Number of protein chains: 2
Amino acid sequence: MKNGYSGLRARKEKPTDCRVCPIRNLALFEAVRDDLLDWTQKYRSQQYALDARRVLYREGEIIDESFTLFQGWIMLFKMLPDGKRQVLRFALPGDFLGFRDGGEPANHSAMAITDSILCGFPEDRLSQLFRERPEIFAKLVSIQQHDMSQCYDHVMSVGQKSAIESIACMLIDLHDRCLERDTAGNPKALDFPLSQEEIADYAGITLVHASRVIKELRDKGVIDNGHRKIRVLDVEQLRSIANISLLEETESITGF
Amino acid sequence: MKNGYSGLRARKEKPTDCRVCPIRNLALFEAVRDDLLDWTQKYRSQQYALDARRVLYREGEIIDESFTLFQGWIMLFKMLPDGKRQVLRFALPGDFLGFRDGGEPANHSAMAITDSILCGFPEDRLSQLFRERPEIFAKLVSIQQHDMSQCYDHVMSVGQKSAIESIACMLIDLHDRCLERDTAGNPKALDFPLSQEEIADYAGITLVHASRVIKELRDKGVIDNGHRKIRVLDVEQLRSIANISLLEETESITGF
DNA sequence: CGTATACTTGATTGTGATCAACGACGGTGG
DNA sequence: CCACCGTCGTTGATCACAATCAAGTATACG
């Protein structure tokens, strides 16, 4: 429910090199041939650091830059006048955020959950890039389609599933996405750095009830949790709880 | 909760002419200059008729065609194994449906609410069109962005709003979209041809509760309703009930 | 160590789900 | 034109999941 403070700042360290970027296969530039990467890199303005709890952009703001999340977790959300918050998406490394079409104001806000690093792409250079390289434009369409599909699943969860089903569903999704990103040397990446309030606001329930549901899952041995930390222990049991359609299951295996 | 039967059939009447299409300014071909329309028209395969309650496509199906809805109302939805249904979107004339990227199976189903007419665009011709005319490709991105924004609003409604707020919200959205489409000679277009079950499945509540909420709105004089018919009488009061953020309000005025 | 933030647990309330029965409307066929 | 039937809508009684209120504990951080 907290609002956070705006706080994007240029990263002082030497920017990472797109050619050796460990998350590029997940991101917008997946479509770019390796030998062209130093060419595309010029479209990136710079790398930014954003500390935990800081706001990247706010609903209604006009932003002239899009971002690829390089490191950290960021959440997208909207707020109601009465202070209720709905988390729309948890962005993980490789995810593309903040893209809006033709100078429209942002329809949601974004806040860092953990300390994060982002690669910025200014609107004008991005549209030039899309003009010159249709395959990257096509990748954008593909990313949008995938986001849309995820959002439909989310509406389904929040609208029709019980609290425990909805949370199980969300944990499976995060688990699968972490596995995609998990490089052999990074076992800790399967701990989710989320507070129970963030989980509750994603699932559309209250923090108190989220706590009880999480306790239930913990008692069943499905997950382990602590302060801003959740780890999935038994994905299969989680799947049986989540009330998932067969289609969704296969989807999560093939990836996108 | 009904499943419907597949039933797309070629329309026997002479196809309408894109050049005099009354809904083109809302649709994918908005970006096309008038004098090029007979050129783009060749990308349309044909017009189809789809009777009420018939399925256009089903979750998991691989479809090789996208559609612009020319006449009628169509709903997009998903179903859970236990039979619960979530309506994701009500498509109105001019809306673009069924687009999926690169041969992926559909992530939702679509069923006609009223007798409908659709213009079909086969996948291969569409991607050729996108290659040859980047401005139409850009319009696709813009449509996707808009759909995404609507979907975020929907998650917000279903997750954080009360039943009456959620339904008020949905009626405002439909009302505004009908107004956009309403040509002077068509006053009846402001009656929504929805059953209470469809409304309930969109708002994420049960049909019984939807009936009570609708009665409450009727008693307040905000709406009038009958068999598969709802008419908004007092948009302003509806807005005050809907618990809308100021941003959303202006958005609905400027259109997209 | 002290204070913020995050999590837990209990008691009570309330919104909306469920179960059940009936009423109204619209389309169909005699 | 009327009778019938299926779909759709209404209303009441009861129940349950999750919200709310409230107090207390644990963990991280400066």
Side-chain angles (χ1 to χ4, degrees), chain A residues 1-5 51-53 80 82-86 111 113-115 157-168 191-219 223-231 241 243, chain B residues 1-5 51-53 80 82-86 111 113-115 157-168 191-219 223-231 241 243:
Chain A
M1 244 29 132
K2 286 127 206 143
N3 237 339
Y5 298 97
D51 291 342
R53 281 150 213 268
L80 246 29
D82 59 16
K84 288 191 193 115
R85 180 177 73 176
Q86 177 67 47
M111 188 194 293
I113 291 172
T114 66
D115 294 349
S157 263
V158 173
Q160 304 296 337
K161 291 185 181 177
S162 68
I164 196 170
E165 288 170 343
S166 191
I167 287 187
D191 287 332
F192 311 149
L194 302 174
S195 74
Q196 297 191 348
E197 188 173 23
E198 285 149 1
I199 293 172
D201 288 350
Y202 182 89
I205 60 178
T206 56
L207 136 185
V208 177
H209 195 58
S211 174
R212 290 190 228 268
V213 168
I214 287 168
K215 176 186 160 58
E216 193 181 336
L217 291 172
R218 189 187 337 116
D219 289 347
I223 60 169
D224 188 19
N225 78 318
H227 181 88
R228 273 191 164 279
K229 199 175 60 178
I230 290 206
R231 177 183 300 204
I241 292 171
N243 193 13
Chain B
M1 244 29 133
K2 287 132 206 139
N3 238 339
Y5 299 95
D51 292 341
R53 279 149 214 269
L80 246 28
D82 58 18
K84 286 187 190 118
R85 180 177 74 174
Q86 177 66 48
M111 188 193 294
I113 291 172
T114 66
D115 293 348
S157 264
V158 173
Q160 304 296 337
K161 291 184 180 174
S162 68
I164 196 171
E165 288 170 343
S166 192
I167 288 187
D191 287 333
F192 311 150
L194 301 174
S195 73
Q196 298 193 345
E197 187 173 22
E198 284 149 2
I199 293 173
D201 287 350
Y202 182 89
I205 60 178
T206 55
L207 133 188
V208 178
H209 196 56
S211 175
R212 290 190 229 269
V213 168
I214 288 168
K215 177 185 161 59
E216 195 182 335
L217 290 172
R218 189 189 335 119
D219 289 348
I223 60 169
D224 187 19
N225 77 319
H227 182 87
R228 273 193 165 276
K229 197 174 62 179
I230 291 206
R231 178 183 298 207
I241 293 172
N243 193 14

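Nothing here was measured: the structure is a model prediction, and the numbers come from that model. Note on naming: letters A, B, ... go to the chains in the order of the sequence lines (proteins, then strands), and numbering restarts at 1 for each one. Only this structure's heavy atoms are used, side chains among them; waters, hydrogens and symmetry mates stay out.
Checking side-chain atoms of A:Glu165 against main-chain N and O of A:Ile241 turns up no donor-acceptor pair under 3.5 Å. Checked by atom type and distance alone, the side chain of A:Arg231 never pairs as donor or acceptor with a backbone atom of A:Asp191 at under 3.5 Å. Looking only at distances, no side-chain donor or acceptor of A:Asp51 sits under 3.5 Å from a matching main-chain atom of A:Asp115. The main-chain N or O of B:Gly204 is never found under 3.5 Å from a side-chain atom of A:Gln160 such that the two would form a donor-acceptor pair.
If you measure from atom CZ of A:Phe192 to atom C1' of C:dA6, you get 19 Å, rounded to the nearest angstrom. In this entry the distance linking CG of A:Leu194 with C1' of C:dT5 reads 16 Å, nearest Å. Here D:dT10 presents its P atom at 14 Å from CZ of B:Arg228, a figure rounded to the nearest Å. Between the C1' atom of D:dG9 and the CG atom of B:Asp201 lies a distance of 15 Å, rounded to the nearest Å. One interatomic measurement links the two molecules: CD1 of B:Ile113 to P of D:dC8, which rounds to 12 Å at whole-angstrom precision. Going from atom CD of B:Glu197 over to atom P of D:dG9 covers 9 Å, rounded to whole Å.
Between B:Lys215 and D:dT10 there is no side-chain N or O to OP1 or OP2 distance below 4.0 Å. OP1 or OP2 of C:dA6 sits under 4.0 Å from a side-chain N or O of A:Arg53. The shortest distance between the side-chain N/O atoms of B:Arg218 and the OP1/OP2 oxygens of D:dT10 is below 4.0 Å. For A:Ser211, a side-chain nitrogen or oxygen approaches OP1 or OP2 of C:dT8 to under 4.0 Å. Contact annotation: A:Gln196 side-chain N/O to C:dT5 OP1/OP2 distance is not under 4.0 Å.
Side-chain contact check for A:Ile230 versus A:Ile199: some heavy-atom pair is nearer than 4.5 Å. Contact annotation: the side chain of A:Gln196 never approaches that of A:Leu207 to less than 4.5 Å [non-hydrogen atoms, C-beta and beyond]. For the pair A:Arg218/A:Lys215, a side-chain contact is recorded, criterion being any heavy-atom separation below 4.5 Å from C-beta on. For the pair B:Arg228 and B:Ser195, the minimum side-chain heavy-atom distance is below 4.5 Å.
A:Thr206 OG1 to A:Lys84 NZ: the interatomic distance, rounded to the nearest 0.5 Å, is 11.0 Å.
Look at C:dA20: its glycosidic torsion is beyond 90° from 0, and that puts it in the anti range.
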Strictly under 4.0 angstrom, non-hydrogen atoms only: write out the protein contact profile of nucleotides 12-30 of chain D, one letter per nucleotide from the 5' end, B, S or -. BB----BSBB------S--
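Checking C:dT8, D:dC8, D:dT10 against every side-chain atom of A:Asn225, the shortest atom distance belongs to C:dT8.
Between the axis at the start and the axis at the end of the helix from C:dT5-D:dA26 to C:dG30-D:dC1 there is an angle of 50°, using five pairs per end and rounding to 10 degrees.
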